[in-house]
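I have placed the structure first, in the form of structure tokens, so that the comments after it can refer back to it.
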Number of protein chains: 2
Amino acid sequence: MEKQAVTIYTVAREARVSMATVSRVVNGNPNVKPETRQKVLDVIKKLNYRPNAVARGLASKKTTTVGVIIPSVTNPYFAELALGIDDIATMYKYNIILTNSDFNDDKILKVARGLLAKQVDGIIFMGHDMSAELQQEFAASNTPVVVAGSIVNDDKLATVRINYQSAAKEATNYLLDHNDDRVAFVVSSLDYSINSKYRLAGYKEALAEHGIPFESKYVIETNGDYNRAYQQADHLIEQGIKAAYVSDDDLAAGLLNGLTDNGVKVPDDFEIVTSNDTTYAKITRPTLTSITQPLYDIGAISMRLLTKMMDGEVSDTDDVILDHGIIERQSTRRG
Amino acid sequence: MEKQAVTIYTVAREARVSMATVSRVVNGNPNVKPETRQKVLDVIKKLNYRPNAVARGLASKKTTTVGVIIPSVTNPYFAELALGIDDIATMYKYNIILTNSDFNDDKILKVARGLLAKQVDGIIFMGHDMSAELQQEFAASNTPVVVAGSIVNDDKLATVRINYQSAAKEATNYLLDHNDDRVAFVVSSLDYSINSKYRLAGYKEALAEHGIPFESKYVIETNGDYNRAYQQADHLIEQGIKAAYVSDDDLAAGLLNGLTDNGVKVPDDFEIVTSNDTTYAKITRPTLTSITQPLYDIGAISMRLLTKMMDGEVSDTDDVILDHGIIERQSTRRG
DNA sequence: ATGAAAGCGCTAACAC
DNA sequence: GTGTTAGCGCTTTCAT
């Protein structure tokens with residue numbers, strides 16, 4: 001079991017210096033005479049010495065590791081956010097402990113505690129709302145946390161995102177402008193404040209601007225992913241719905257395919273605008289008109305913000321709101 | 001900076017026992033009198049004590065963390081493998097350090113070294129081949145490694161996968177049986193032995209069985225992902241190709257959409273069989289006929305095998321070969 | 001059943 | 001510029 005046969009001490013002896021000097025060399029501390037440094041470097045190479053990050057973490061109280069809580073790696077929205085997170089983390093030499101939360105509060109709490117036990121230097125949280133226990137856990141830990149790509153029920157946490165309310169409003173308006181007066185609001189769940197509070201408000205604003213009364217039967221909760229949305233397609237048809245603003249590309253793809261497979265022509269007989277402009281929006285046929293948002297950047301900026309917080313460079317936790325837009329594709333009619 | 005104000009020592013003093021006893025309680029060691037255990041438990045709860053995993057890792061030389069090297073989280077093939085890995089890891093109480101490798105050898109080497117420095121107990125490697133340095137790094141570390149969902153140029157490593165050669169052969173035969181005598185072999189890169197050695201061999205076998213000579217112009221390397229395959233569609237058309245066996249769903253989706261957008265009817269004028277049966281194969285229209293393989297299980301079994309290796313329960317590293325099949329969808333003609 | 005004490009491999013004062 | 005010396009918070013013999 002001599003997994004770590006060669007330690008800083010071995011190197012020190014072999015190079016005839018103290019372990020402190022070896023430590024300085026390894027950490028790039030300038031207070032080392034060039035010759036000494038070279039001598040140590042030679043021994044390190046010769047012995048193939050590798051610093052033990054665990055020991056270092058214990059001594060320095062920094063693990064250069066951040067925890068990332070993600071609902072699902074198979075959802076392209078979160079996967080694309082993760083890409084930006086990962087790149088910046090790599091750039092700043094942080095490792096990432098990635099934990100799937102499945103949108104399950106119990107699991108989230110468990111993984112969060114695990115992350116804290118591992119002494120991560122910071123946490124990126126992806127997900128739509130937090131249990132009271134989780135909020136408390138984060139607050140008590142005084143470990144920096146940033147919420148990426150969502151807005152949650154805890155305004156003490158920094159978030160990096162777009163303005164979901166105005167995005168939803170614009171998407172709905174776009175549909176309403178096409179003389180679709182029966183526009184549905186399709187979301188995974190109204191339990192998330194991002195949907196029930198912000199997107200829904202945007203949807204209602206657009207309705208109001210067009211003088212169309214809000215009808216709750218046009219609010220659809222899929223309570224699931226692609227397949228659930230697929231199955232609900234005929235339900236929407238029965239309701240006489242002619243268009244939909246959808247909160248997630250996964251759902252939009254499901255709805256689209258469900259409609260198509262039921263003989264409904266998109267966009268001629270039904271229009272769809274989705275929210276995240278992920279690969280799903282480009283792979284489907286017809287392609288999906290979508291809110292555009294800089295997914296990669298949201299991830300990247302979240303991570304960058306976190307590095308600043310971990311370095312104590314930033315105290316205020318103002319939200320970072322990025323610009324969004326809308327891109328017209330084939331799931332909506334022109335003009 | 002009293003991040004860890006309460007340590008095992010704090011608990012010990014408060015409970016009027018030694019830290020050894022607290023350690024026993026925390027670790028479920030039976031050699032503790034019930035009353036003592038309860039007393040300690042009470043103090044732990046009262047102080048909200050949480051064991052420091054870093055200190056524990058240093059003392060025990062086990063981090064209960066495994067490293068996962070993944071080419072890309074946004075590729076559904078790897079994302080679906082990751083799902084199985086994650087579930088079993090959670091079940092066995094391991095955390096996962098997830099590192100994106102982008103199929104880049106330098107980056108892979110760096111992340112692998114980072115993982116080893118962090119003293120991970122084991123590594124799951126996803127990717128198609130390994131540099132000599134990486135192989136050496138793994139060999140020298142005596143950290144258990146299992147390769148998930150591929151076959152690589154290092155037969156000392158345990159792998160969990162399907163038989164790629166016979167899968168490719170069956171897919172090609174399926175196409176050839178439809179009287180498509182101009183069947184292309186489309187892969188990302190022949191630099192990977194999974195493609196150049198195994199899948200290509202299967203493709204050639206099928207050709208031989210049908211008495212069709214192998215022509216290298218029917219071998220297409222995309223050197224890229226969805227978009228690259230999309231762009232190559234017209235090139236395939238020009239070559240007079242009528243069908244294709246594709247090594248990755250990402251590429252198959254790109255090819256399909258490229259063909260469709262160029263006015264080529266799939267499956268009437270062109271047939272496609274893809275390899276991984278991921279969500280992509282179900283989301284496209286037409287849907288994609290595909291080799292089927294238990295992606296989730298491959299991930300899960302890889303992780304389970306790794307736990308056994310980490311526990312020293314297993315020494316031999318025989319490959320685990322799972323069954324594959326083929327599912328007919330809309331990208332091929334019936335009969 | 002419990003405690004004392006010696007590390008695990010490293011960082012970080014502090015001294016010279 | 002370099003060495004000495006305490007820890008970091010925990011596990012793990014070894015006694016008792």
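Protein chains get the first letters and strands the later ones, always in sequence-line order, with residue 1 at the start of each.
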> Restricting to pairs with a member in residues 115-136 of chain B, which pass ring pair (Phe, Tyr, Trp, His ring centres under 6.0 Å), not counting sequence neighbours?
Replying inline: B:F103-B:H128, B:H128-B:Y192
> Does C:dG9 have OP1 or OP2 sitting under 4.0 Å from an N or O in the side chain of B:K61?
Replying inline: yes
> For A:L58 and D:dA6, what is the distance between atoms CG and P respectively, to the nearest whole Å?
Replying inline: 18 Å
> Is the shortest side-chain N/O distance from B:T21 to OP1 or OP2 of C:dG3 below 4.0 Å?
Replying inline: yes
> Pick the nucleotide of DNA chain C nearest each of A:V54 and B:V32; which residue has the one closer to the 5' end?
Replying inline: B:V32
> What string of B, S and - do you get for nucleotides 11-16 of chain C, 5' to 3', if B is base contact, S is sugar-phosphate-only contact and - is no contact with any protein heavy atom under 4.0 Å?
Replying inline: BBB---
>> On the nucleotide D:dC10, are OP1 or OP2 found under 4.0 Å from the side-chain N or O atoms that B:N52 carries?
In response: no
> If only side-chain N and O atoms of A:T7 are considered, is one of them under 4.0 Å from the OP1 or OP2 phosphate oxygen of C:dC8?
Replying inline: no
>> Within the 3.5 Å criterion, strictly below it, is a donor on B:R50 or B:N52 matched to an acceptor on the partner's side chain?
In response: no
> What is the distance, rounded to the nearest whole Å, between atom NZ of B:K62 and atom P of D:dT12?
Replying inline: 10 Å
> Does the side chain of A:S18 get closer than 4.0 angstrom to OP1 or OP2 of D:dG3 through an N or O atom?
Replying inline: yes
> Through what angle, rounded to 10 degrees, does the axis of the helix from C:dA1-D:dT16 to C:dC16-D:dG1 turn between its ends, using five pairs per end?
Replying inline: 30°
> Whole-Å distance between D:dC14 P and B:N31 CG?
Replying inline: 16 Å
